[in-house]
2 protein chains.
Amino acid sequence: MSDTPSKPSLRLSQFLPYRLSVLSNTVSRNIADLYDRAFGLSIWQWRVMAVLGENSGITATEIGQVTAMDKVAVSRAVSGLLDSGHIARRASKEDARRAILTLTAKGKEVYDQIVPIALAAERDLVETLSGEEQAQLASLMEKLARAAEPDRPLW
Amino acid sequence: MSDTPSKPSLRLSQFLPYRLSVLSNTVSRNIADLYDRAFGLSIWQWRVMAVLGENSGITATEIGQVTAMDKVAVSRAVSGLLDSGHIARRASKEDARRAILTLTAKGKEVYDQIVPIALAAERDLVETLSGEEQAQLASLMEKLARAAEPDRPLW
DNA sequence: ATAATATAGTTTCATATGTAACTAATTTGC
DNA sequence: GCAAATTAGTTACATATGAAACTATATTAT
């Protein structure tokens, strides 16, 4: 008698896209809670501030490119941060469509406070990994990111 | 003169929670598109079907535990799948609060068609990794998941 | 036996998010 | 130099999501 061709089977709990999604949602929820409780910031608002902290005086569009946020998400985050006084906006002299964004003094202060918190949260996450494992992780994620989005910009 | 104590710095693009989130969203969006275009299923509906395909005759609460979905999300996915005829529901004899869920013939058919598609999508994602790298990835994600949610059930 | 509590699942409501339409400014093609 | 096409950013609308309230059943304690 012939072999039954074994049907390809799917074990959800071992399915990479599923595991990635559950892991990422858990991590994001933890971190979002942290930012929200301590400073009333959404994760999107924090990302905008993080980019401005690294690289002040850029535009909403540039922030979108760096953070992989779409322009509506950036616009909303920016609007909230303007209201709360964490960032300031002025029109570009060369191109009146563009708005140059910068952290305010208050924004810088908050930024300086959050950075160590964010880094500590990351450390909590990876501290059980050896240095070699951490390097592997970074490399594997880079490869996956490239496979998932072939025309992704390198960083 | 004394050294300036180097301020801990954050490079968003190297920040693990951020990278995880962007990667996971990209992968999920790709896959959700796949399910939606081919079968009109949301990712949540597909997860419910995937669990029922592995383990038929369980309840909504059990599905929630297995899939890390909250009960509202399960309820909504179930409701859509009942409407579309992919699953069936009957009350439990022992406990009338519980509803036993199963794939219908139509649901089984769709399940059998999606499984290879899902596995192919996963293969596309990991095919650039060596077997050893794939094993490392699984192990690293398991460790991260445990760090992110210490009381997580083992699988 | 019955009142209080807990559980399964649904519905409601408030908020978040994505897509598309829109406004204003700039650049391009002729 | 000006109409057509692009680009930056916002607004509007439709849908998705999460928290809390709710309904119905089951369990526990007295």
Side-chain angles (χ1 to χ4, degrees), chain A residues 21-22 24-33 35-37 40-48 51-52 57-84 87-102, chain B residues 21-22 24-33 35-37 40-48 51-52 57-84 87-102:
Chain A
S21 165
V22 172
S24 163
N25 287 341
T26 305
V27 170
S28 287
R29 199 168 26 243
N30 288 347
I31 296 217
D33 262 26
Y35 300 154
D36 182 32
R37 265 204 303 272
L41 296 173
S42 75
I43 221 168
W44 309 108
Q45 290 176 332
W46 164 244
R47 283 193 192 166
V48 167
V51 171
L52 290 178
I58 65 178
T59 67
T61 300
E62 292 168 323
I63 292 176
Q65 290 160 352
V66 175
T67 58
M69 289 165 69
D70 77 61
K71 64 182 180 171
V72 177
V74 175
S75 173
R76 289 199 261 242
V78 163
S79 146
L81 291 169
L82 288 168
D83 287 351
S84 57
I87 67 176
R89 171 165 65 183
R90 63 187 155 79
S92 160
K93 288 224 157 165
E94 309 89 55
D95 183 341
R97 290 170 306 180
R98 293 189 188 157
I100 307 297
L101 302 168
T102 50
Chain B
S21 165
V22 171
S24 163
N25 287 341
T26 305
V27 170
S28 287
R29 200 169 24 244
N30 287 348
I31 296 219
D33 262 27
Y35 301 153
D36 182 32
R37 265 205 302 271
L41 296 172
S42 76
I43 220 167
W44 308 108
Q45 291 177 330
W46 165 242
R47 281 193 193 167
V48 168
V51 172
L52 290 178
I58 64 178
T59 67
T61 300
E62 292 168 322
I63 291 176
Q65 290 161 350
V66 175
T67 58
M69 289 166 69
D70 77 61
K71 64 181 180 172
V72 178
V74 174
S75 174
R76 288 198 261 243
V78 162
S79 147
L81 291 168
L82 288 169
D83 287 351
S84 56
I87 68 175
R89 170 166 64 184
R90 63 187 156 78
S92 160
K93 287 224 156 164
E94 309 88 56
D95 185 340
R97 290 171 305 182
R98 293 188 188 158
I100 307 296
L101 302 169
T102 49

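Letters A, B, ... are given to chains in the order of the sequence lines, protein chains preceding strands, and every chain is numbered from 1.
Regarding D36(B), its CG atom lies at a distance of 13 Å from the C1' atom of dA16(D), rounded to whole Å. To the nearest angstrom, P of dT7(D) lies 20 Å from CD1 of I63(A). We find that CG of D70(A) is positioned 13 Å from C1' of dT10(D), with the value rounded to whole Å. What separates CD of E94(B) from P of dT27(D) is a distance of 10 Å, to the nearest Å. If you take NZ of K71(B) and C1' of dA19(D), they are 10 Å apart, rounded to a whole angstrom. Taking atom CG of N25(A) as the reference point, atom P of dA16(D) lies 17 Å away to the nearest angstrom.
A donor-acceptor pair under 3.5 Å is absent between the side-chain atoms of S79(A) and the main chain of S75(A), judged by distance alone.
Heavy atoms of T59(B) sit under 4.0 angstrom from primed sugar atoms or phosphate atoms, though from no base atom. Counting non-hydrogen atoms under 4.0 angstrom, R29(B) reaches nothing in the nucleic acid. Using a 4.0 Å heavy-atom distance criterion, A73(A) is classed as making no nucleic acid contact.
Side-chain atoms of T67(B) and V48(B), non-hydrogen and from C-beta on, never get closer than 4.5 Å to each other. Contact annotation: the side chain of L52(A) never approaches that of T102(A) to less than 4.5 Å [non-hydrogen atoms, C-beta and beyond]. Contact of the M69(A) side chain with the W44(A) side chain is registered, since non-hydrogen atoms from C-beta on lie closer than 4.5 Å. The shortest side-chain heavy-atom distance between I100(A) and T59(A) falls under the 4.5 Å cut-off. Counting heavy atoms from C-beta outward, I58(A) and L101(A) have side chains that stay 4.5 Å or more apart.
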Q: Evaluate side-chain contact (heavy atoms from CB on, under 4.5 Å) for Q65(A) paired with T61(A), printing each intermediate quantity in order.
A: CA-CA 6 Å; Q65(A) 290 160 352; T61(A) 300; 3.9 Å; yes

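The nucleotide whose nearest atom lies closest to any side-chain atom of V72(B) is, among dT6(D), dG18(D), dG9(D), dG18(D).
Comparing V78(A) and R97(A) along DNA chain D, the residue whose closest nucleotide (by nearest heavy atom) sits nearer the 5' end is R97(A). Both R76(A) and D95(B) lie close to DNA chain C; mapped to their nearest nucleotides by heavy-atom distance, the more 5′-ward contact belongs to D95(B).
The nucleotide range of DNA chain C contacted by chain B, defined by atoms under 4.0 angstrom from heavy atoms of the protein and reported 5' to 3', is dA6(C) to dT12(C).
Regarding contacts with the backbone of dT6(D), every side-chain N or O of R98(A) stays at 4.0 angstrom or more from both OP1 and OP2.
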